Amino acid sequence: MKNKELFSKINELIASYDPMVAEIISAESYRQRNTISLIPSENYVSAQVALALASSFTNKYSEGYPHVWKEGVLIDKNGRYYQGQKNTNKIEKLAIQRALELFTDIPSDYHANVQATSGAPANLAVIGAFLKPGDTLMGLALDFGGHLTHGHKVSVTSHYYNAVHYKLNEDGKLDYDEIEKLAEKYKPKLIISGATAYTGKIDFERFGKIAKKVGAILLADISHIAGLCVTGEHPHPFPHADVITSTTHKILRGPRAGIIVCKKEYGPQVDKALFPALQGGPHMNTIAAMAVAFKEALSDEYKAYTQQVVKNAKVLSEKLKEYNFKLISDGTENHLILLDVINNKNGISVKNASWFAERLEFAGIVTNKNTVPGDAKPWNPSGIRIGTPAVTTLGMKENEMVKIAELIRLTALHAEDDSKLTEVKADVELLVSKFAQNSNFII
Ligand code: DSN
């Protein structure tokens with residue numbers, strides 16, 4: 001049975017009990033099969049990841065860990081609070097072992113925690129592991145591509161800690177001399193390198209030197225680029241960083257969850273900061289799905305996938321440039337492209353980025369509005385963020401990127417014209433449904 005038939009049978013089963021829910025699930029599948037997802041943090045999972053999520057592990061409570069720490073040494077001994085953990089211990093140990101294999105060269109020097117329910121709790125746990133309330137952390141400012149949990153004013157990471165921020169330079173690049181100056185001035189206990197909307201390569205070695213100089217822990221939040229780091233398409237944070245965090249559902253194509261990998265010496269405090277300090281029972285079905293996703297990410301097919309993600313981003317960005325869109329940092333060195341659709345007098349611009357994101361969706365192209373460096377109003381940003389992980393999973397290559405650039409251009413040029421955008425939408429559906437139809441991923 002093909003994956004598509006299998007999942008349609010599963011939905012028939014849901015429909016036989018709850019037609020209302022089944023109908024909404026079908027509608028979402030239809031939406032995904034007929035629109036192009038260019039949101040760089042989205043992807044499609046394999047059937048085996050989806051089915052592990054639906055497994056009996058969802059029934060189990062497993063507070064604690066499949067190990068205990070004794071004087072800084074990890075002991076292979078049941079560290080759970082409830083009975084019935086024979087299999088949860090096996091699956092979590094397997095996920096940890098695969099995570100270490102995937103993220104490190106010398107697994108025995110590191111520790112992995114696979115219990116964070118997403119990237120935000122993973123970051124909170126790491127901050128809690130190393131900082132006391134009131135201590136200083138430093139990260140990239142949100143309006144320059146940083147994340148809420150890197151100390152933004154609406155996040156608990158600035159309510160409980162003293163957050164200071166570095167920005168990008170005028171070319172949209174990290175300015176390491178400036179970061180070093182700020183670190184020397186504010187003496188943060190934790191420096192966060194990583195972003196949600198940064199199109200350049202990150203020099204983790206330089207970050208590591210800066211952190212060392214001021215006595216800070218270096219956290220590399222690689223949620224967006226994890227897949228590129230583990231396959232060599234982007235420099236790896238280790239051994240320069242002390243800890244890395246990542247979501248597992250973006251380019252890693254796993255379940256919606258977070259992972260923390262740290263130098264072994266920090267294992268006890270990181271584990272304690274995640275549970276019991278921050279979370280309760282781990283989601284064991286998600287951990288099972290993570291183990292599957294890590295096996296996939298260790299394969300040659302996955303390496304080829306990440307190479308294609310980068311190639312696709314290059315072609316898409318070059319084509320958009322050719323069409324006179326304004327790209328922050330003039331291109332991309334990863335999978336992510338940031339368009340300034342407002343401040344571009346001599347090229348393609350629109351009246352409002354939020355409105356343009358809606359018009360793109362009308363045409364079947366799903367993106368997100370985003371701040372660009374220097375935006376004064378994060379709620380009314382000037383940018384559109386796009387990326388290639390999802391379309392690459394569907395099997396799209398350079399030719400399709402050229403087509404997608406053309407469809408974005410047409411949408412921008414005719415943004416006010418519903419009938420023209422309906423034509424674009426028909427082209428989008430034709431393009432994506434062909435790939436969705438043949439894909440073995442869950443779409
Ligand atoms: N929502 C994530 C992203 O899209 O990058 C960040 O949390």
Side-chain angles (χ1 to χ4, degrees), residues 32 35-45 116-127 137 139-158 163 165 168 172 174 192-202 219-229 234 237 244-260 278-279 286 293 306 309 313 328-329 332-339 353-354 356-358 360-361 365-373 375 378-379 381-393:
Q32 292 187 17
T35 54
I36 298 175
S37 174
L38 290 179
I39 294 177
S41 46
E42 289 187 359
N43 220 323
Y44 309 101
V45 295
T117 53
S118 197
N123 283 345
L124 278 180
V126 173
I127 295 168
L137 63 85
L140 178 61
L142 181 98
D143 43 339
F144 283 78
H147 190 253
L148 285 168
T149 56
H150 299 177
H152 188 259
K153 63 176 183 227
V154 300
S155 158
V156 290
T157 54
S158 77
H165 290 107
L168 302 181
L174 288 164
I192 307 172
S193 56
T196 54
Y198 184 58
T199 54
K201 283 209 162 77
I202 297 177
L219 163 63
D221 176 350
I222 55 168
S223 294
H224 270 279
I225 54 170
L228 306 182
C229 294
H234 186 287
I244 63 179
T245 53
S246 178
T247 43
T248 54
H249 49 270
K250 295 189 174 82
I251 197 168
L252 281 174
R253 295 200 298 215
R256 305 199 77 81
I259 179 162
I260 306 170
L278 185 69
Q279 285 187 185
T286 304
T306 58
V309 165
I328 300 304
S329 84
T332 181
E333 293 174 340
N334 52 37
H335 65 289
L336 201 143
I337 299 162
L338 192 55
L339 302 175
S354 310
F356 184 46
E358 286 166 16
L360 282 165
E361 185 178 0
I365 302 168
V366 185
T367 63
N368 67 271
K369 62 176 181 236
N370 213 96
T371 52
V372 301
D375 258 344
W379 60 93
S382 310
I384 294 288
R385 188 184 68 151
I386 59 181
T388 51
V391 287
T392 310
T393 293

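Bear in mind that the values here come from a model prediction, so they are computed numbers and not experimental data. Just so you know, these numbers use all the heavy atoms, side chains as well, and skip hydrogens, waters and symmetry mates. Quick note: residue numbers are just sequence positions, from 1. Whatever order the structure lists ligands and atoms in, that order sets their numbers, starting from 1.
- The minimum heavy-atom distance between Leu142 and His147, with the atom names listed, is CD1-C, 3.8 Å.
- In terms of protein heavy-atom proximity, atom 1 (N) of ligand 1 is nearest to Ser41 OG, 4.6 Å.
- The contact set between ligand 1 and Thr196, taken as ligand atoms under 4.0 Å from a residue heavy atom, comprises 5 (O), 6 (C).
- Nearest to atom 6 (C) of ligand 1 by heavy-atom distance, out of His147, Arg385, His249, is His147.
- Taking every heavy atom of both residues into account, Lys250 and Asn43 meet most closely at O-ND2, 3.2 Å.
- Tested against Arg385 for a side chain to side chain contact (heavy atoms under 4.5 Å, CB included), the candidates Leu339, Asn370, Thr367, Ile328 yield a single pass: Asn370.
- Considering every non-hydrogen atom in both Pro237 and Ile222, the closest pair reads CG-CG2, 3.7 Å.
- Atom 5 (O) of ligand 1 has its closest protein heavy atom at His224 NE2, 2.7 Å.
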